[in-house]
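We name chains A, B, ... by the order of the sequence lines, and we start the count at 1 in each one.
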Amino acid sequence: MQEFVAAFAEAFNLIVAGDGDLLEIVGLSLRVSLTAVGISCVIGFPLGAVIGIGDFRGRQCIIVCVNALMGLPPVVVGLVAYLILSNSGPLGWLDLLYSPTAMIIAQTILVAPIVTALSRQIVEDFHAEYAELFRSLSVPHRTAVTTLLMDAKHSLATVALAGFGRAIAEVGAVIIVGGNIDHLTRVMTTAIALETSKGNLALALALGMILIVLSLAVNATVSLLREASGQPADA
Amino acid sequence: MPDTGAMLPVQVSGLSYHAGGRTLIDQIDLEIASKGITVIMGPNGAGKSLLLRLLHGLLPPTSGSIRWDGQPASDAHRRRQAMVFQRPVLLRRSVAANIEFALDLHGNQDPARRDTVLSAVDLLDYAAQPARRLSGGEQQRLALARALATDPEVLFLDEPTANLDPAATAVIEAAVGRIRDAGTKAVFVTHDIGQARRLADDIVFMHRGRICETGYAVTFFDTPRTSEAQQFLQGELVL
Ligand SMILES: Nc1ncnc2c1ncn2[C@@H]1O[C@H](COP(=O)(O)OP(=O)(O)OP(=O)(O)O)[C@@H](O)[C@H]1O
Ligand SMILES: [Mg+2]
């Protein structure tokens, strides 16, 4: 018990003192996950919108697939990304394995389907409301997509946050393609796993606390956005 | 507004619409006059909204044809029309941006046009407000202003004043009256007999997916020919 208290105190000190290693790890986590979420949104928002308002063959099939991809276990994503990036894989020549870029790629594979699937649903709901107006005004397809994305921006922001929550908290994908190399690919979750197993509870706890605060912040922002977008005055 | 010849009158022949195993519009033949306000009346479920959607090209008919000045209805025709829906559909943007959306689609860059149509419905002071924060009556006026923005040759209105108080109704009726005087054709669906008397130049009376009676408004109100129309005008329940 005493050990725990001491570890907590030490963890707290690390955070307050702004320990260099700690900051480096947190910084890399944020950089990797935010970049992955950014790329996922750039891909997933328009793709979700196109599927959401589309009227083409195989649409239902695509929706089922994307929804299924949403639940991919991070370790499986890590494995797939590893196979793609490893020396004998199709992108092996890029020599990206065990780099932050590899982690970004893996997390993008993890998060992009989530962003796509959730934004597809949102855009489809908005379109149900706007469809007749669009037809009445002869709105071209491209304008319809951008208009829906613009008008759904609050809801889409919560989608981005959900993706970020998933990325920042996962360990399976980044540990496989990143390798948890000190000062290079060590992020919060992989560091927690390693430091705990090494018995270095203070650093693990400090990182754990930061992770919890981050996820609380994300959730608080989501509910604030929900509130804002739930109002009829959403403008 | 590119004017590629007259669009009216519109001729409807053998128009039917089936859905869910029911015949909702049943072999309608109709010619709508080129000028003035045509009011479509009839009890709930008569098919008034469906007929309006079919005329505006929002729905493809099951059979029959709609011809604008002899030409089969096309997307090009719809671009010269506008519609105000029973429940206004407004973008989640400012009042002004809702108008600009329609203007941009028609390639209209004239900045004064937006304010002109907003003043026409008394909403100029609300230009910067979020559209969804307006009251029901104000929202419907905005929907009308957006429809007017593109300077349509034909304006369809589906019970635009159904849930509005007399003051808001008066603003809409006045605006519709003005555009009629400016030469725009209006096709107006309403339940309200008083409103039909105030606005209509001619009347289309529908019942159960069919047209019962058409004619000049004066004639229709003085001497309705069918028993359905007589009952409707006397305020009896038409079943
Ligand atoms: N897509 C659809 N599928 C099945 N039935 C429909 C569809 N659209 C409309 N209907 C039915 O067609 C009938 C006519 O509908 P419509 O909305 O045109 O009536 P209306 O005359 O406008 O009535 P109201 O005065 O209540 O607005 C109704 O019985 C309605 O339930
Ligand atoms: Mg109706």
Side-chain angles (χ1 to χ4, degrees), chain A residues 41 45-46 48-50 52-57 118-161 222-235, chain B residues 49-50 52-60 74-108 126 128-136 139 142-143 146-150 152 154-158:
Chain A
C41 290
F45 287 163
V50 168
I53 71 171
D55 182 19
F56 49 87
R57 275 211 301 174
L118 295 179
S119 45
R120 193 271 308 163
Q121 184 64 58
I122 288 169
V123 169
E124 200 174 312
D125 291 347
F126 271 69
H127 189 239
E129 187 191 338
Y130 286 5
E132 281 207 317
L133 173 70
F134 284 175
R135 190 158 169 75
S136 174
L137 290 171
S138 303
V139 175
H141 191 263
R142 186 186 266 270
T143 314
V145 168
T146 52
T147 305
L148 288 164
L149 289 176
M150 275 284 291
D151 276 33
K153 56 183 181 290
H154 286 119
S155 310
L156 292 175
T158 70
V159 169
L161 287 168
V222 167
S223 38
L224 281 178
L225 278 170
R226 283 255 161 78
E227 218 161 275
S229 67
Q231 285 164 3
D234 176 20
Chain B
S49 296
L50 279 177
L52 220 55
R53 287 186 161 81
L54 288 162
L55 289 173
H56 187 34
L58 299 183
L59 289 175
S74 67
D75 288 357
H77 289 117
R78 195 180 49 242
R79 280 196 194 92
R80 296 158 69 184
Q81 310 161 4
M83 178 144 166
V84 178
F85 296 91
Q86 183 160 352
R87 267 194 313 138
V89 184
L90 299 176
L91 301 178
R92 288 162 174 78
R93 304 173 181 197
S94 72
V95 167
N98 266 274
I99 304 287
E100 283 154 5
F101 182 73
L103 288 175
D104 287 347
L105 284 168
H106 277 247
N108 188 331
Y126 294 76
Q129 299 275 324
R132 299 259 173 159
R133 208 166 284 168
L134 299 178
S135 76
Q139 292 198 10
L142 174 55
R146 185 178 55 197
L148 296 180
T150 58
V154 182
L155 177 63
F156 296 104
L157 304 108
D158 193 356

Problem - Separation between CZ of B/Arg146 and CG of A/Leu133, rounded to the nearest 0.5 Å - result: 4.5 Å

Handout entry: Non-hydrogen side-chain atoms of A/Glu132 and B/Met83 separated by less than 4.5 Å
Key = no

Practice task
Answer yes or no: are there more than 12 heavy-atom neighbours, outside A/Tyr130 itself, under 6.0 Å from its atom OH?
Solution key: yes

Completion exercise
Under 4.5 Å to a heavy atom of chain A? For B/Leu134 that would be neither

Problem - A/Ser136 side chain reached by B/Phe85 side chain, heavy atoms, under 4.5 Å - result: yes

Practice task
Would you mind reporting whether B/Arg92 and A/Lys153 have side-chain heavy atoms less than 4.5 Å apart?
Solution key: no

Handout entry: Interatomic distance, A/Ser138 atom OG to B/Gln81 atom CD [nearest 0.5 angstrom]
Key = 9.0 Å

Handout entry: Spacing of A/Phe134 atom CZ and B/Leu91 atom CG [to the nearest 0.5 Å]
Key = 6.5 Å

Practice task
Find the distance between CG (B/Leu105) and OG1 (A/Thr147) and round it off to the nearest 0.5 Å.
Solution key: 7.5 Å

Exercise for the section: Measure the spacing between CZ of B/Arg78 and CG of A/Leu137 and express it to the nearest 0.5 Å. Expected result: 9.5 Å

Exercise for the section: Please tell me if the side chains of A/Arg135 and B/His56 come closer than 4.5 Å, counting only heavy atoms from C-beta onward. Expected result: no

Problem - Portion of A/Thr143 that has a non-hydrogen atom of chain B nearer than 4.5 angstrom - result: side chain

Handout entry: Which atoms of B/Arg87 approach chain A - backbone, side chain, both or neither, heavy atom under 4.5 Å
Key = neither

Problem - Side chain / backbone / both / neither for B/Phe156 at chain A, heavy atoms under 4.5 Å - result: neither

